[in-house]
Asks: 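Before we start, here is the structure in question, set down as structure tokens.
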Amino acid sequence: MSLPEWLDFGKWTPFILASYVITAIVLLANIVVSYRSEKRQLRDIARKLRNETRGKP
Amino acid sequence: MWVWFHKLGSPPYFYRFSGVILPYLAVACLLSMSIGVFWGLFKAPPDYQQSETVRIIYVHVPAAMFSMSIYVVMAIAGAVTLIWRIKLAELIAAASAPIGASYTFIALATGSLWGRTTWGNTYWEWSDPRLMSELVLFFLYLGYIALYYASEDRRGAARAAAVLALVGLVNIPVIHYSVEWWTSLHQGSTSRGAQFAATIHPSMRYPLYIMMLGFALFYAVTLLKNTRSMLLASERNNAWVKEVVNQHESA
């Protein structure tokens, strides 16, 4: 399977694409972890507050 | 200005203020990254010496640059932690560490790939001062993260980690000047003011500026997001957090 022409950088294609793919994966992982972490905190605290109002420890 | 900074040190004010600016920063980051990648990958011309491999510059240089800047931010926040014991400074330092480690990893990985295309048949050179000092920076970030999460007492851990951040600061000038102090496979520094403008053609310089802006905005967005979640965790028993959670639940 060959790459489309606009993604073809000659013999250096694997090195260039690998650089951008590694960067994209690392940055995406960072942003996903950051957004999920805040959501999880809000959810955990909300659950704790609900349990407190019901009198559960 | 000082009054505003003083207010920003207050956790509830920081949480609300960051919530207001985050969407704008996120959109600006997405735009600059998209434009930078498109321009750098498809519109910028190949270099007369390095041909197409020069396109790696648009991810390698911003990542390497901010891997050092973020460490400086972390060390300054560490100093504030040790001197004034401001909780927000502790959290900003701790929230910066994983982003700095990620940028350093990107700089090392893309640098290795770029090195393979320009230095010959090698991905890594153990005797190269720039590569080794950047690798030391990566280990400093990992050490900081390990130290911060090693103890249940977060505030004590933050002070210990702040000392590590300040001691490790000595590595930053070593990374920057390594190409001048020692013989290195890595090219000399061109990223300073007029020298930078004179050595890189505008068709390559502008996409690089845009990518630098994108990486800076990405750091700002993830830093604010990480700090917000750490703030919620550390202040979970305070009234303002309960108010924020109630508002979030009813929305």
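Proteins get letters first, then strands, A, B, ... in listed order; numbering begins at 1 in each. Quick note: numbers below take in every heavy atom, side chains included, and nothing from hydrogens, waters or symmetry partners. From a predicted model like this one, the values you see are computed outputs, not experimental measurements.
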Asks: Calculate, to the nearest 0.5 Å, the distance between atoms CG and CZ belonging to A:Leu27 and B:Phe215 respectively.
Replies: 5.0 Å
Asks: Is there a side-chain contact between B:Phe105 and A:Ile22, using heavy atoms and a 4.5 Å cut-off?
Replies: yes
Asks: Name the region of A:Ile25, side chain, backbone, both or neither, that has any atom closer than 4.5 Å to a heavy atom of chain B.
Replies: neither
Asks: Taking the side chain as everything from C-beta on, heavy atoms only, tell me whether A:Trp12 gets closer than 4.5 Å to B:Ser51.
Replies: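 A:Trp12 vs B:Ser51: side chains touch.
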Asks: Which class fits the ring pair A:Trp6 and B:Phe42: parallel under 30°, tilted 30 to 60°, perpendicular over 60°?
Replies: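 Perpendicular.
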Asks: Measure the CD1-OG distance between B:Ile99 and A:Ser34 for me, rounded to the nearest 0.5 Å.
Replies: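 These two atoms lie 6.5 Å from each other.
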Asks: Is it true that B:Lys225 and A:Asn30 share a donor-acceptor pair across their side chains at a distance under 3.5 Å?
Replies: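 No - no donor-acceptor pair under 3.5 Å links their side chains.
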Asks: Let's test your reading of the structure: which of A:Ser19, A:Ala46, A:Ala29 forms the most heavy-atom pairs below 4.5 Å with chain B?
Replies: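 When all of A:Ser19, A:Ala46, A:Ala29 are compared, A:Ser19 has the most.
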Asks: For B:Tyr123, is it the side chain, the backbone, both, or neither that has a heavy atom closer than 4.5 Å to a heavy atom of chain A?
Replies: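 Answer is side chain: those atoms of B:Tyr123 sit under 4.5 Å from chain A.
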Asks: Would you mind checking which part of B:Ala26 comes under 4.5 Å of any heavy atom in chain A, side chain (CB onward), backbone (N, CA, C, O), both or neither?
Replies: side chain
Asks: Quick one: pull up CD in B:Glu249 and CZ in A:Arg50 and give me the separation to the nearest 0.5 Å.
Replies: 5.0 Å
Asks: Of the backbone (N, CA, C, O) and the side chain (C-beta and beyond), which part of B:Leu41 lies under 4.5 Å from a heavy atom of chain A, both, or neither?
Replies: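 Both backbone and side chain.
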Asks: Using a cut-off of under 4.5 Å on heavy-atom pairs, state which of B:Pro98, B:Ser102, B:Gly111, B:Ser112 scores highest against chain A.
Replies: B:Ser102
Asks: If you count heavy-atom pairs within less than 4.5 Å of chain A, which of B:Arg116, B:His60, B:Met230 leads?
Replies: B:Arg116
Asks: Going from CG on B:Leu232 to CZ on A:Arg43, what distance comes out if it is rounded to the nearest 0.5 angstrom?
Replies: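 With rounding to 0.5 Å, CG (B:Leu232) is 13.0 Å from CZ (A:Arg43).
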Asks: Go through it in stages, so that I can follow the logic: the residues are B:Ser229 and A:Ser37, the test is side-chain hydrogen bond (donor to acceptor under 3.5 Å, both in side chains), and I'd like the CA-CA distance, side-chain angles, deciding distance and then a yes or no.
Replies: CA-CA 6 Å; B:Ser229 66; A:Ser37 165; 2.9 Å; yes
Asks: Considering only heavy atoms and a distance below 4.5 Å, find which of B:Thr117, B:Asn226, B:Val221 pairs most often with chain A.
Replies: B:Thr117
Asks: Is it the case that atom CZ in B:Arg155 sees more than 12 heavy atoms from other parts of the structure closer than 6.0 Å?
Replies: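 More than 12 heavy atoms, drawn from other residues, nucleotides or ligands, come within 6.0 Å of this atom.
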Asks: So which part of B:Ala109 gets closer than 4.5 Å to some heavy atom of chain A, the side chain, the backbone, both or neither?
Replies: side chain
Asks: Between A:Tyr20 and B:Arg55 (side chain of the first, backbone of the second, donor and acceptor by atom type, cut-off under 3.5 Å), is there such a pair?
Replies: yes
Asks: Looking at every non-hydrogen atom in both residues, tell me the closest pair between A:Thr23 and B:Val59 and how far apart they are.
Replies: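 In terms of heavy atoms, the two residues are closest at OG1-CB, 3.7 Å.
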Asks: With a 4.5 angstrom heavy-atom cut-off, is it the side chain or the backbone of A:Leu49 that approaches chain B, or both, or neither?
Replies: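 Contact with chain B: side chain only.
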Asks: Over all heavy atoms of both residues, which pair between B:Glu52 and A:Ile16 is shortest? Give the atoms and the distance, please.
Replies: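 Taking B:Glu52 first and A:Ile16 second, the nearest heavy atoms are O-CD1, 3.2 Å.
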Asks: Counting only heavy atoms not in B:Gln247, do more than 12 sit closer than 6.0 Å to its CD atom?
Replies: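 Buried by this count: over 12 neighbours within 6.0 Å.
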Asks: Could you measure the distance from the NZ atom of B:Lys242 to the CD atom of A:Glu52? Nearest 0.5 Å is fine.
Replies: 5.5 Å
